[in-house]
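The structure appears below as structure tokens.
One-based numbering, in listed order, for ligands and for the atoms of each. Quantities reported herein were computed from a predicted structural model and do not represent experimental measurements.
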Amino acid sequence: MRIVLATNNANKVQELKTMLKECSSVSGVSCISDTGLAFVPQETGGTFEANAMQKAVETAEFLAKNGYDKAMIVADDSGLEIDALGGEPGVDSALYMGRETPYTIRNARIIELLADVPDEKRTARFVCVIACIMPCGEKHMFRGKIEGIIAREQRGENGFGYDPIFLVPEYGKVMAELSGEEKNAISHRGRALGQMVEMLDAQDTPLDTFDYELAKRADNDTATETIAFDEIIDDLGIGCDELQG
Ligand code: ITT
């Protein structure tokens, strides 16, 4: 089974590719930019589930039109929910204070906003929903989360985004102080992806049935099959397999 990651976030790509290396059901992982094509799916759903499935469906539809119709498409919608901010930034985590605003500035601002919030009310969680569309059109969603505390200062050099302010209580360290391996073992993304890998490993049909080179392009004269994406779009936002932390 080959996978195309429906994300333009290089940090997510790196984490997902690293974790999928261990999966025996997966023969190769690419991201949108690896195909030589450029595509930015919309995220207008308002929930992690709706956005993840929207990204998967739109990317699958775009790639199928360009000849990439036999890979499994995997999208990730994720973010940080801070209880003292009423769940913000939440689904808008990438856009919070402006997409181009450096995370050092965003994280400093969050620390400032929470300056008077006592330790016991600084609770937060990272959430990740992975939506995938199999080459046969079947779709699945998996949710992972990790609970933590918003730190009073930024620390650590690893990870990305809000990792420098997300304290993981059992480690006594912020996420950005954990190694990649440590983060992937406990993170929202690692937990959601772990459920997807379990689903792949449990498939009865040999997955290689659908496995072939991602080399065809729309301008090739080779005929390509396309998946019934209209059906998938009709079902957008439903069909969550598991909703567990
Ligand atoms: P794609 O839509 O192309 O996947 P994106 O960055 O726009 O990329 P999201 O809409 O899912 O993706 O926003 C996710 C944001 O949540 C991300 O940009 C970070 O700000 C934050 N985030 C998600 N996972 C994180 C993690 O593991 N560590 C730190 N911040 C994270």
Side-chain angles (χ1 to χ4, degrees), residues 3-19 30-35 37-60 62-63 73-82 85 87-110 124-132 141-148 150-151 154-168 173-194:
I3 288 180
V4 178
L5 300 172
T7 173
N8 289 296
N9 181 320
N11 296 295
K12 288 185 187 178
V13 169
Q14 194 204 355
E15 290 187 5
L16 292 166
K17 280 188 174 176
T18 302
M19 289 187 270
S30 321
C31 57
I32 298 175
S33 62
D34 292 335
T35 65
L37 301 166
F39 182 67
V40 180
Q42 302 272 304
E43 328 185 18
T44 56
T47 65
F48 293 113
E49 276 77 11
N51 283 347
M53 190 52 80
Q54 183 176 19
K55 287 191 258 192
V57 168
E58 289 187 7
T59 304
F62 169 80
L63 290 175
I73 307 298
V74 174
D76 164 319
D77 199 67
S78 45
L80 175 65
E81 292 178 343
I82 301 174
L85 299 180
E88 284 192 358
V91 287
D92 294 325
S93 290
L95 304 175
Y96 191 58
M97 298 181 208
R99 190 177 270 280
E100 302 307 323
T101 305
Y103 278 93
T104 45
I105 294 177
R106 301 193 214 190
N107 288 333
R109 178 71 182 137
I110 289 172
R125 69 207 52 78
F126 274 125
V127 177
C128 174
V129 172
I130 297 276
C132 51
M141 280 199 278
F142 306 95
R143 173 182 270 245
K145 65 174 180 164
I146 176 169
E147 298 286 341
I150 300 301
Q154 305 190 46
R155 292 204 305 263
E157 303 295 326
N158 304 329
F160 66 98
Y162 302 100
D163 284 342
I165 58 167
F166 189 84
L167 185 66
V168 185
K173 289 179 180 176
V174 293
M175 199 74 113
E177 292 176 305
L178 302 185
S179 68
E181 206 178 334
E182 285 171 328
K183 177 180 174 181
N184 291 341
I186 58 161
S187 76
H188 49 314
R189 185 161 296 106
R191 288 173 175 167
L193 199 72

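Annotation for ligand 1: atoms under 4.0 Å from non-hydrogen atoms of Asp76 are 4 (O), 11 (O). Using a 4.0 Å cut-off to heavy atoms of Tyr103, the atoms of ligand 1 that qualify are 17 (C), 18 (O), 19 (C), 20 (O). The Lys12 neighbourhood of ligand 1 comprises atoms 1 (P), 4 (O), 5 (P), 8 (O), 9 (P), 11 (O), 12 (O), with distances under 4.0 Å to a heavy atom of that residue. Residue-ligand proximity, Lys183 to ligand 1, at heavy-atom distances under 4.0 Å covers atoms 26 (C), 27 (O), 28 (N). Near Tyr162, meaning under 4.0 Å from any of its heavy atoms, are these atoms of ligand 1: 20 (O), 21 (C), 29 (C), 30 (N).
Formation of a donor-acceptor pair under 3.5 Å by the Asn158 side chain with backbone atoms of Leu178 is found in this model. Checked by atom type and distance alone, the side chain of Arg106 never pairs as donor or acceptor with a backbone atom of Met97 at under 3.5 Å. With Asn184 contributing its side chain and Glu181 its backbone, the two residues share no donor-acceptor pair below 3.5 Å.
At a heavy-atom distance under 4.0 Å, no atom of Tyr96 approaches ligand 1. Neither the backbone nor the side chain of Phe166 has any atom closer than 4.0 Å to an atom of ligand 1 (non-hydrogen atoms only). At a 4.0 Å heavy-atom cut-off, ligand 1 touches Glu43 through the side chain alone. Within the 4.0 Å heavy-atom criterion, neither part of Gln42 lies near ligand 1.
Looking at Lys145 and Glu81, no side-chain N of the basic residue comes within less than 4.0 Å of a carboxylate O on the acidic one, giving no salt bridge.
Only one option out of Asn11, Val4, Leu5 pairs with Thr7 in a side-chain contact (heavy atoms from CB on, under 4.5 Å); it is Leu5.
By the 3.5 Å distance cut-off applied to N or O atoms, Glu15 is not counted among the residues near ligand 1.
A distance of 5.0 Å separates CD of Glu15 from CZ of Arg189, quoted to the nearest 0.5 Å.
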